[in-house]
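It should be emphasised that the depicted structure is a prediction, and the values quoted were computed from it without experimental measurement. The first residue in the sequence is number 1, and the count goes up from there. The figures here come from the full heavy-atom set of this structure, side chains too, leaving out hydrogens, waters and symmetry mates. Counting convention: from 1, in listed order, for ligands and their atoms alike.
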Amino acid sequence: MANSVRVFAPAKINLCLHVGEKRSDGYHALQSLAVFVHNVGDELVFSPASTLELAITGPHGAQLGADNDNLVLRGARALHANRGAEIVLTKNLPVASGIGGGSADAAATLRGLTQFWNLDTDDAQLLAIAAGLGSDVPVCVKSEPAWMEGRGEILTPVLPMPDMPIVLVNPRVEVQTGKVFAALTERRGTGMAVPSGFADADTLLDYLDQTSNDLEAPARSLAPIIGDVLDALSTMLGARLARMSGSGATCFALFDNREHARDAMHTLRKAHPGWWVEAGETGVPPQ
Ligand code: C5P
């Protein structure tokens, strides 16, 4: 494995997500504060091969086809049209679930193959390729706390950002982003100022109290079980904020400490054996 490159693709969380007007290109203007979960995500390994090959494994691998449409292969081809690599994707994150999944994998592919193929593609080029793959891919390239605007591709780093214990829950229901946007009725608009950073958890939570996820109501209308997930998360001891991420159906709660987050994970797994439940930590990734 000496020639292999291994890359982690952390889950993306939209701590808030406000939607504005539908643009002439069919996308909605949005504003969102995105953070990443250091220790919950997919993993990709790149090894030498003469052609481009993708194998998918892991607990959610079966839900995903390794066909040419796969965002990992599209990302690899967009980075370099005719170089080879064997890519093994370990799919730990649920598919079509509002926490980046495919976008995080595509972004990790761009990072990993730039290193593996020893390319001199710079950050601006990577971000442009990422934007062509999907609205959430650019923010996943760096996987650092960021304020997203435009259709998601205009990024401003948000620092400092406190580390926050988090629990993620997906009721194993897939919701398609396009359908959720189409079901949108009320929106907060995109008039917020770029936040300048958050010194501690209280400051962040006070800020988040003034915000929402505009996609939560339309996603709940398509998948009412999201309401059950939010109810369950918000009653856990130490939960300070429960909300849906992205276009759902994954919801999260931020906790006051790691022990409470761990306890909540165990309690929720026991009470809902069919749900996907993980605990982790958001904030600035450890270097
Ligand atoms: O960019 P991505 O392929 O992830 O978007 C999936 C769908 O979600 C789009 O086709 C569009 O219907 C909707 N969307 C949107 N506005 C955004 C992002 C996504 O309307 N900012």
Side-chain angles (χ1 to χ4, degrees), residues 9-36 41-42 60 63-65 67-79 89 91 93-110 126-143 146-156 170 173-192 194 211-223 226 243-250:
K12 169 223 66 171
I13 301 295
N14 301 93
L15 291 177
C16 61
L17 199 166
H18 294 170
V19 181
E21 292 305 310
K22 189 170 181 180
R23 314 184 322 186
S24 55
D25 62 3
Y27 287 92
H28 291 79
L30 57 79
Q31 287 188 318
S32 178
L33 180 60
V35 293
F36 292 82
D42 294 339
H60 294 99
Q63 288 152 261
L64 203 64
D67 50 53
N68 280 334
D69 252 13
N70 188 288
L71 268 181
V72 167
L73 290 175
R74 284 175 50 202
R77 284 195 303 265
L79 192 61
L89 164 63
K91 192 82 210 144
L93 301 177
V95 173
S97 69
I99 50 175
S103 305
D105 298 342
T109 300
L110 299 181
L126 277 188
L127 287 174
I129 295 171
L133 295 169
S135 308
D136 271 350
V137 185
V139 75
C140 295
V141 169
K142 284 220 157 137
S143 294
W147 182 248
M148 304 168 67
E149 291 178 290
R151 70 173 170 102
E153 83 288 16
I154 302 172
L155 304 173
T156 310
N170 182 281
V173 172
E174 290 188 22
V175 281
Q176 299 304 325
T177 304
K179 287 192 181 156
V180 176
F181 272 101
L184 191 73
T185 49
E186 283 180 42
R187 57 195 83 183
R188 290 273 299 249
T190 52
M192 303 266 290
V194 181
T211 66
S212 62
N213 181 347
D214 285 351
L215 298 179
E216 202 170 287
R220 281 174 78 147
S221 72
L222 297 173
I226 291 169
R243 193 167 276 178
M244 191 184 84
S245 178
S247 54
T250 306

Protein contact of atom 21 (N) of ligand 1 - nearest heavy atom, named by residue and atom, plus distance = H28 O, 2.9 Å
For V180 and A219, the nearest pair of non-hydrogen atoms, with its separation, is CG1-N, 3.9 Å
Among all protein heavy atoms, pick the one closest to atom 19 (C) of ligand 1 and tell me residue, atom and distance.
-> F181 CE1, 3.5 Å
Where on Y27 is there a heavy atom closer than 4.0 Å to ligand 1, on the side chain, on the backbone, on both, or on neither?
-> both
Looking only at heavy atoms, what is the nearest atom pair of Q63 and V95, with distance?
-> CB-CG2, 3.9 Å
Taking every heavy atom of F36 against every heavy atom of P10, the minimum-distance pair comes out as CD2-O, 3.9 Å
Are G26 and ligand 1 in contact, using a heavy-atom cut-off of under 4.0 Å?
-> yes
For ligand 1, which atoms, with element, lie under 4.0 Å from some heavy atom of G134?
-> 1 (O)
Among G246, G178, A182, the residue with a heavy atom nearest to atom 7 (C) of ligand 1 is G178
Heavy-atom closest pair (S245 atom, G98 atom, distance to 0.1 Å) is OG-O, 2.9 Å
Could you tell me whether the side chain of D214 and the main chain of R188 form a donor-acceptor pair under 3.5 Å?
-> yes
Protein residue, atom and distance nearest to atom 18 (C) of ligand 1, heavy-atom basis = S135 OG, 3.4 Å
What do you reckon, does D136 have a nitrogen or oxygen under 3.5 Å from a nitrogen or oxygen of ligand 1?
-> no
If every non-hydrogen atom of D105 is compared with every non-hydrogen atom of V72, which pair is closest and at what distance?
-> CB-CG2, 3.7 Å
Between CG on residue L222 and NZ on residue K179, distance to nearest 0.5 Å = 8.0 Å
What are the atoms of ligand 1, with element, lying closer than 4.0 Å to any heavy atom of T177?
-> 8 (O)
